[in-house]
2 protein chains.
Amino acid sequence: MTNTRRPPNRSTSTGAAIADAASEHASPGARTTPSGSRITIRDVARSAHVSIGTVSRALNGRPGVHPDTRRRVMAAVAELGFDPDQAARELSNRRPVRVGLSVARGFRRLIPFFVLFKEHLLDGLASGGFRVHDVPTGADGLPTAEADLYLLFGAHADDPRIAHLEAQERPFILVGHRKGVRSVAADDVQGGRLAAEHLLRLGHRDILHLTGALSSQAFFDRARGFGAALADADVDVGKPSICEDPSALAAYRAFRTLLESGARPTAVFAATDEMAVGCQAAAVDAGLAIPGDLSVVGFDDMPEVGFDLTTVRQDIGELARITIDLLHEALADAPVRSAFLPVHLVTRGSTAERR
Amino acid sequence: MTNTRRPPNRSTSTGAAIADAASEHASPGARTTPSGSRITIRDVARSAHVSIGTVSRALNGRPGVHPDTRRRVMAAVAELGFDPDQAARELSNRRPVRVGLSVARGFRRLIPFFVLFKEHLLDGLASGGFRVHDVPTGADGLPTAEADLYLLFGAHADDPRIAHLEAQERPFILVGHRKGVRSVAADDVQGGRLAAEHLLRLGHRDILHLTGALSSQAFFDRARGFGAALADADVDVGKPSICEDPSALAAYRAFRTLLESGARPTAVFAATDEMAVGCQAAAVDAGLAIPGDLSVVGFDDMPEVGFDLTTVRQDIGELARITIDLLHEALADAPVRSAFLPVHLVTRGSTAERR
DNA sequence: CTGAAAGCGCTAACAC
DNA sequence: GTGTTAGCGCTTTCAG
């Protein structure tokens with residue numbers, strides 16, 4: 001079982017930096033030349049004994065650069081701690097692609113997951129040299145303004161946006177899974193399965209699944225993977241408990257009600273980390289110890305969860321990166337494909353062997 | 001009493017647009033010239049019969065532009081729907097000011113308030129032509145990397161960052177209130193007062209205040225204003241109920257516990273909208289009708305609250321704008337000042353006359 | 001007070 | 001393969 005840890009500073013750091021989503025580049029800080037000015041592509045060129053054009057090509061993975069040259073350039077980049085200027089990139093790029101981000105009706109934009117995803121996305125888009133324009137969207141959930149490409153967030157059954165955009169022959173990418181359209185999603189089925197298998201391995205047989213509306217593709221698939229794993233192990237799969245609003249508070253209320261009605265699962269799989277937080281609180285309030293009396297597994301691996309939660313991790317930065325890949329493919333009119341982001345279990349302190 | 005409403009589409013809109021924080025510019029969408037290309041400063045210049053230099057000066061409020069010329073330029077700008085390109089601005093601006101945003105130890109970055117504030121801030125910074133760099137911050141809460149200017153978020157008593165930065169003679173701006181340093185904050189005292197006065201006016205006398213840790217300046221001041229208003233009206237001010245974690249879930253648990261222990265306030269003033277959400281849920285679960293049995297007032301006026309909450313509104317966009325003003329002042333070495341953002345009450349359906 | 005011109009740092013033709 | 005060069009849209013000297 002995977003026990004991937006975040007870099008230690010991630011959960012304890014109390015400071016932030018603007019554009020901290022960019023931290024994935026792991027640049028050693030925006031360095032400067034000895035003379036104090038910002039280090040530019042010219043410095044790299046000089047250091048690698050090539051022209052700036054070559055540096056640019058190497059940097060952007062353009063074809064037609066000798067492997068050795070490329071290596072030399074990359075070495076210089078690393079050594080100097082060169083960090084390309086996004087504004088300059090954006091400005092020089094001749095493709096004012098207007099990307100419109102549309103969230104599903106009723107979808108909350110201020111939830112942590114979406115916030116992080118958007119940060120990574122904007123960052124990646126900007127450093128990719130895209131021109132991102134403001135594209136308002138109508139109250140009917142359908143994008144009104146023109147965009148060259150739409151990003152649909154919050155996949156769910158009967159999403160009106162998909163048919164709408166297909167009819168208009170406008171390219172779009174679904175962040176979520178759906179066959180036949182360009183889409184990216186975490187492998188939700190696999191995630192559900194991982195959670196179940198982990199708990200089964202620990203001896204749990206009475207496992208509650210607490211989730212959001214099953215019209216959401218993500219919740220549906222997580223439940224499906226979870227159910228399949230239990231079925232495979234010949235363990236009884238009860239009905240999942242549904243909270244229409246997948247928040248910590250709603251999960252708390254739902255789980256508390258269940259506990260008060262006498263339910264005593266030995267483990268619970270919450271469909272999001274936030275919901276897991278609610279479960280944990282409800283368990284504590286019911287006098288249950290975690291993981292002694294109850295094991296809890298979440299989904300997402302969000303920062304700032306507040307306790308030591310075993311969870312199914314999906315890498316949001318990677319999700320954004322794949323989204324941008326698909327975006328390029330869409331612009332290049334490449335064949336439609338559905339991408340999956342692998343997920344894996346992160347074992348922490350909220351799960352233990354069944355007593 | 002003020003009854004400011006958000007633009008109607010704000011709460012019902014289900015679509016988003018990238019960089020939607022920019023919507024405050026209320027630009028009529030990125031327009032294009034008849035020939036289809038983006039409209040630039042050159043188009044404006046041609047249309048106003050001046051040079052691009054003059055347009056730039058007029059646009060940025062630089063001195064030395066004839067009033068008539070300025071008017072002509074602004075008219076052309078409006079007519080063409082010109083929307084300056086941020087990347088170009090950023091690139092040409094010769095001030096690579098590195099702004100480091102530091103959040104207080106323990107402060108959650110993924111809370112809606114901070115997310116919105118940061119969006120507005122980044123947007124304003126970018127269109128102001130600032131060069132925003134990544135500035136990692138140490139686990140001790142003190143900014144480690146170099147920045148030309150620090151933005152401190154989450155003001156609280158004994159904040160180590162302030163003394164630290166002052167000692168280093170580095171300019172900084174506190175988002176929160178504190179005498180003697182450059183700071184911006186909502187008028188929290190006044191906000192607490194408005195909430196109290198509203199409830200008093202409705203006949204409430206037994207009002208509970210549910211808040212976060214009072215070491216936080218915002219919570220402390222809100223409680224202070226609230227208490228002062230009650231005292232002024234000769235109404236008994238009980239002790240506020242404190243949730244260390246100012247979340248909806250924590251508020252729910254706290255308020256529920258209070259109700260179960262027999263407390264029966266006729267109104268509650270929650271120090272944030274999120275906490276108000278928790279209160280509302282607890283009241284509902286206790287069989288209390290809102291506003292019939294219980295009036296609830298929040299603070300912030302966040303979108304996506306989920307119910308019709310009377311609240312004290314602070315304009316986050318304006319807060320960001322003032323922050324940027326202070327930033328300019330700091331760079332210009334102007335005298336230190338503490339700015340206050342006016343707040344006002346937004347009366348909605350969660351409050352009513354005491355029965 | 002206003003115009004002309006020189007870049008900001010980068011990418012993408014276009015040459016060699 | 002690699003170097004050279006012309007801009008991207010804007011702000012800002014520097015002349016007039």
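A, B, ... follow the sequence lines: proteins, then strands. Residue 1 opens every chain.
At a non-hydrogen distance threshold of 4.0 Å, B:Val50, B:Ser51, B:Thr54, B:Arg57 from residues 50-59 of chain B come into contact with DNA chain C.
At whole-Å resolution of the value, CD1 in A:Ile41 and C1' in C:dC8 are 14 Å apart. Rounded to whole Å, atom C1' of D:dG1 lies 15 Å from atom CZ of A:Arg71. Rounded to an integer number of Å, the gap from CG of A:Leu91 to P of D:dC8 is 9 Å. Going from atom CZ of B:Arg89 over to atom P of D:dG9 covers 15 Å, rounded to whole Å. One can place CZ of A:Arg72 at 12 Å from C1' of D:dG1, the figure rounded to the nearest angstrom. The CD atom of B:Glu90 sits 19 Å away from the P atom of D:dC8 (whole-angstrom rounding). The CD1 atom of A:Ile39 sits 15 Å away from the P atom of C:dC8 (whole-angstrom rounding). Separating the CZ atom of B:Arg46 from the P atom of C:dG3 is a distance of 14 Å, rounded to the nearest angstrom.
Residues passing the side-chain hydrogen bond (donor to acceptor under 3.5 Å, both in side chains) test with A:Arg182, sequence neighbours excluded: none. For B:Arg71, the side-chain hydrogen bond (donor to acceptor under 3.5 Å, both in side chains) partners two or more places apart in sequence, or in a different chain, are B:Asp68. The side-chain hydrogen bond (donor to acceptor under 3.5 Å, both in side chains) check on A:Thr323 picks up nothing, with sequence neighbours excluded. For B:Arg42, there are no side-chain hydrogen bond (donor to acceptor under 3.5 Å, both in side chains) partners, not counting sequence neighbours.
Among the nucleotides C:dC10, D:dG1, C:dC1, the one closest to any side-chain atom of A:His66 is D:dG1. Distance from the side chain of A:Thr40 is smallest to C:dG9 among D:dG1, C:dG9, C:dC1.
In terms of phosphate contacts, A:Arg62 brings no side-chain nitrogen or oxygen within less than 4.0 Å of OP1 or OP2 of C:dT11. Using a 4.0 Å cut-off, no side-chain N or O of B:Thr69 falls inside it from OP1 or OP2 of C:dC1.
In this structure, A:Phe153 and A:Phe117 have tilted ring planes: the angle between them lies in the 30° to 60° band.
Five base pairs at each end of the helix from C:dC1-D:dG16 to C:dC16-D:dG1 define two local axes, and these are offset by 40° (rounded to 10°).
Minimum heavy-atom separation, A:Asp43 to A:Ile39: OD2-CA, 3.2 Å.
A distance of 11.0 Å separates CD1 of A:Ile173 from CG of A:Leu101, quoted to the nearest 0.5 Å.
In this structure, B:Lys118 pairs ionically with A:Glu119, as a charged nitrogen and a carboxylate oxygen lie closer than 4.0 Å.
For the pair B:Asn60 and A:Val65, both in contact range of DNA chain D, the more 5′-proximal nearest nucleotide belongs to A:Val65.
Counting only distance, with no hydrogens or angles, the side chain of B:Asn60 and the backbone of B:Arg62 share no donor-acceptor pair below 3.5 Å.
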